[in-house]
Number of protein chains: 2
Amino acid sequence: MLTIRDIAREAGVSTATVSRVLNDLQSVTEETRRKVLETVNRLGYRPNGLARSLSTKRTGTMGLIISDITNPFFPEIARGVEDVLNAYGYNVILCNTDGHAEKEAAYIRLLVEKRVDGIIFASVRTDKSDLSDLDANGIPWVLAGRTLPGIDRDCVVVDNILGAYQATQHLLQLGHRRIGYVSGPFHVSVNMERLEGFRQATSGYGLNASELPIVEADFKQAGGYAAALRLLGPQSDLTALFVANDLMAIGVLEAAHDLAIQVPEDLAVVGFDDIPLAALHTIQLTTVAQPKYEIGAVAARMLLDKIDRVNTDGDRSSAKVILTPKLQVRRTSGADLSPQIGRQPATVPDAEK
Amino acid sequence: MLTIRDIAREAGVSTATVSRVLNDLQSVTEETRRKVLETVNRLGYRPNGLARSLSTKRTGTMGLIISDITNPFFPEIARGVEDVLNAYGYNVILCNTDGHAEKEAAYIRLLVEKRVDGIIFASVRTDKSDLSDLDANGIPWVLAGRTLPGIDRDCVVVDNILGAYQATQHLLQLGHRRIGYVSGPFHVSVNMERLEGFRQATSGYGLNASELPIVEADFKQAGGYAAALRLLGPQSDLTALFVANDLMAIGVLEAAHDLAIQVPEDLAVVGFDDIPLAALHTIQLTTVAQPKYEIGAVAARMLLDKIDRVNTDGDRSSAKVILTPKLQVRRTSGADLSPQIGRQPATVPDAEK
DNA sequence: TTGTACGCGTTATCAC
DNA sequence: GTGATAACGCGTACAA
């Protein structure tokens, strides 16, 4: 592949001049400028970014760490990240960790070796030591859609406690008292927060949250399906389920169907995230909406800011941005059925089918 | 950040020896080996991949170019690509082009400058000149889920013509004769092929394909919705729609619902792709299944092969892999309704609701 | 305005 | 087995 020296020789100038033209710096005669650009185009020269990065100490590449891009929650976040970063000339390396700590650690090591300019963590699980490792190496990072215990900066999240509180209260106001919680992995922060919101809301209604059934699952559709089978057995008295994310809620709906349980007549279901398919008329999942694209976009801007600040003054931390979740009331919570749950036919779209 | 020289000095050896230990090459005494590794771990040294790549001429990074990761068709492909490449120590740079030629060209330039070891194209549109540009620069590439006119190598695809043929024939066998085609962008190869399959099947039944309505849309849900509104106006006599991809088919279903058209009783719908939500019991979209994950995985392996071959002998091309699509018959085509279309109530799941 | 020469952090080719 | 040292391709003081 051609080098800057080839261009310099061909154009009859020095490599320094070629470099100046390519990065349009300072003083270069329009004459020589033309000459250089002409040979560059004629020969199809492409600068070697590796050499450039080695010299400038910036790569124009960022890492994006998520759990699994096939989870419908993540593509929009990734898109928000990508759009913003790409507008500033950055590329994004995508990393699927499946929530495995080892996979994540391995990715981080690779990203550090590739000297990415920054990393966005949207995966559910991250070791705090990994982050201090990055700090030690001077690589800025940002958390998107999640927090970490003991860290209340450099992250953009929705208020999960509030969202879960609203969702649960919605069910309570509809008259439900026997409400189950389909949980994500217990130790994951977003799940802990949503569980906390669930607890606050139920105890606000004088219920003992510890008496309400909670089943741990994995944030995936199949996990939600399995959890629902366990919760909705023959002797179940549950009339509603709050599910920690939409993907599991979809699994719950599938399970309810297979168990011949009518939603929302016999069972109200509320999810979290508002993934695209939740709004389809055949699904109409009541859920807590997160601004996914915005979470990604804001996180990206925050990261860019942080990089700027590292390069100027020494300040390395950003504020914490908390976005507000919004309860999207749709069919599956049976809001139109209240106050007598499960007694009268639903008057919602599709009900007459 | 620490350099190999720091380690060499601290361990009392030369940089060459440190390098040998790190890449466990040749002859190094167990003694010195231990000593080097100890200081590496103690000081937390991370090799600079840029410098390494500059020297070795490989980056361990690949580019993946797609249209839009929020289109449910792509996450599984991306996952297949990522899983395989990551197993071989590669990272993946994700590029969303939205089908814009300029965006794609800009991405390719960036990827070339970063000296990625290879590129996978899963986007719908690619300029042939871009590819020859890559060839000129010695960067291997592979096409995934699509072809390019005049190129029948280095790609993995399903037989789109066959898939579309089967889908259309399915509708014809159910008795439909007035079938519309909701098209993707006309110039996109996969769409052209599916249209071709549609034409072959209809003319096989003595129909004049040119008399059947075809509306061009954009492969997105909103586009499918809009196309359906145009096709299903008051004076429409269509009893079935073959839709070029599932995402648009979802839009068609939404439109049908808003127009109070019953699916499948009044309108049969068949899509293409078999995205995850097509299988949900509330959707049950009849569609042509593509093995998306496999397409990504096979493309990744093909790219790895191609890279290997470039490094050994000079052969730079791979074969063309054609995977077989599979018609997934579900509710929306009303297979259980035949032969009298639209006369009797459906006896499909959910019908008694 | 332009050119020379060194540094960026590795790997690889020599000697020893 | 180990150590100098020249690439790798670019940016950039410094000098001219």
Side-chain angles (χ1 to χ4, degrees), chain A residues 1-37 39-40 43-61 109-110 112-117 137-139 311, chain B residues 1-37 39-40 43-61 109-110 112-117 137-139 311:
Chain A
M1 218 177 266
L2 294 169
T3 76
I4 200 172
R5 250 181 292 266
D6 298 320
I7 305 302
R9 191 186 317 118
E10 182 76 13
V13 296
S14 74
T15 61
T17 299
V18 176
S19 177
R20 290 191 188 98
V21 171
L22 259 40
N23 303 296
D24 47 33
L25 295 178
Q26 334 155 359
S27 45
V28 182
T29 314
E30 188 56 35
E31 169 71 17
T32 56
R33 165 182 211 73
R34 262 199 327 94
K35 196 168 51 182
V36 169
L37 287 179
T39 57
V40 163
L43 273 55
Y45 164 69
R46 296 272 172 261
N48 185 324
L50 297 169
R52 174 178 289 171
S53 295
L54 189 58
S55 182
T56 61
K57 298 190 173 310
R58 56 177 303 280
T59 55
T61 306
R109 244 209 359 208
L110 274 175
V112 170
E113 295 199 352
K114 295 204 167 146
R115 299 297 194 261
V116 293
D117 295 332
N137 283 314
I139 297 185
N311 292 340
Chain B
M1 215 177 268
L2 293 170
T3 76
I4 199 172
R5 249 181 289 269
D6 298 319
I7 304 302
R9 189 185 319 116
E10 182 76 13
V13 296
S14 72
T15 62
T17 298
V18 176
S19 178
R20 289 191 188 101
V21 172
L22 259 39
N23 303 295
D24 46 34
L25 296 177
Q26 333 156 359
S27 46
V28 181
T29 315
E30 189 55 35
E31 168 73 17
T32 55
R33 167 182 210 72
R34 261 199 328 95
K35 195 168 52 184
V36 170
L37 287 179
T39 58
V40 163
L43 273 55
Y45 164 70
R46 296 274 171 260
N48 185 325
L50 297 169
R52 173 178 290 171
S53 294
L54 187 59
S55 181
T56 60
K57 299 188 171 311
R58 56 177 303 280
T59 55
T61 306
R109 246 213 354 213
L110 273 175
V112 170
E113 296 199 352
K114 296 204 167 146
R115 298 297 193 261
V116 293
D117 295 332
N137 284 313
I139 296 185
N311 291 341

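Lettering follows sequence order; numbering is per chain, from 1.
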Would you say that A:Arg115 contacts A:Lys57 through its side chain, given a criterion of any heavy-atom pair below 4.5 Å between the two side chains? no
Neighbour count above 12 (heavy atom, 6.0 Å) for A:Arg33 CZ: yes
Report which part of the nucleic acid A:Thr32 touches: base, sugar-phosphate, or nothing (heavy-atom distance under 4.0 Å, all strands). sugar-phosphate
Residue B:Arg5, side-chain atoms from C-beta onward, closest of C:dG9, C:dG3, D:dG3: C:dG9
Would you classify A:Thr3 as touching base, sugar-phosphate or nothing, given that sugar-phosphate means primed atoms plus P, OP1 and OP2, and contacts are heavy atoms under 4.0 Å? sugar-phosphate
Tell me whether the side-chain N or O atoms of A:Arg115 pair up with the base of C:dG9 as donor and acceptor below 3.5 Å, since no angle test is needed here. no
Could you tell me the separation between the CG atom of B:Leu43 and the P atom of C:dG9, rounded to a whole number of Å? 15 Å
Between atom NZ in A:Lys35 and atom P in C:dT2, what is the gap in whole Å? 8 Å
Among C:dG3, C:dT10, C:dA12, the nucleotide that comes nearest once only the side chain of B:Ala16 is considered: C:dA12
Whole-Å distance between C:dG9 P and A:Asn137 CG? 13 Å
Taking only side-chain N and O atoms of B:Ser19, does any of them lie within less than 4.0 angstrom of OP1 or OP2 on C:dT11? yes
Presence of A:Ser14 side-chain N/O under 4.0 Å of C:dT4 phosphate oxygens OP1/OP2: no
Closest to side chain of A:Pro47, choosing from D:dA4, D:dC10, D:dG9: D:dC10
When every non-hydrogen atom of B:Lys114 is compared with those of A:Gly60, the smallest separation belongs to NZ-O, 2.7 Å
Confirm from the modelled atom types if B:Arg20 and D:dG3 form a donor-acceptor pair under 3.5 Å, side chain to base only. yes
To the nearest Å, how far apart are B:Arg58 CZ and C:dA12 C1'? 16 Å
Any base atoms under 4.0 Å from B:Thr15, or only sugar-phosphate, or nothing? Heavy atoms, all strands. base
For A:Arg52 and C:dT10, give me the distance from atom CZ to atom C1', rounded to whole Å. 20 Å
Contact under 4.0 Å: A:Tyr45 side-chain N or O vs D:dC10 OP1/OP2: yes
Using OP1 and OP2 only, check whether a side-chain N or O of B:Thr29 sits under 4.0 Å from D:dT2. yes
Using whole Å, report how far CG of A:Leu50 lies from P of C:dG9. 15 Å
Nucleotide C:dC8, atom C1' - distance to CE of B:Met1 in whole Å: 14 Å
Looking at every strand, decide which applies to B:Thr17 at a 4.0 Å heavy-atom threshold: base, sugar-phosphate, or nothing. sugar-phosphate
Just how far, in rounded Å, is P of C:dT13 from CG of B:Leu25? 11 Å
Could you work out which one of D:dG1, D:dC10, C:dG9 sits closest to the side chain of A:Ser55? D:dC10
Measure across A:Thr15 and A:Ala8 and return the closest heavy-atom pair with its distance rounded to 0.1 Å. N-CB, 3.6 Å
Could you pick out which residue, B:Ser27 or B:Lys57, lies toward the 5' side of DNA chain D when each is mapped onto its nearest nucleotide? B:Ser27
Using a cut-off of less than 4.0 Å, is there contact between a side-chain N or O of A:Asn48 and OP1 or OP2 of D:dC8? no
Between A:Thr39 and A:Val36, what is the shortest heavy-atom contact and its length? OG1-O, 2.8 Å
B:Leu43 CG to B:Ile7 CD1 distance, which is reported to the nearest 0.5 Å: 5.0 Å
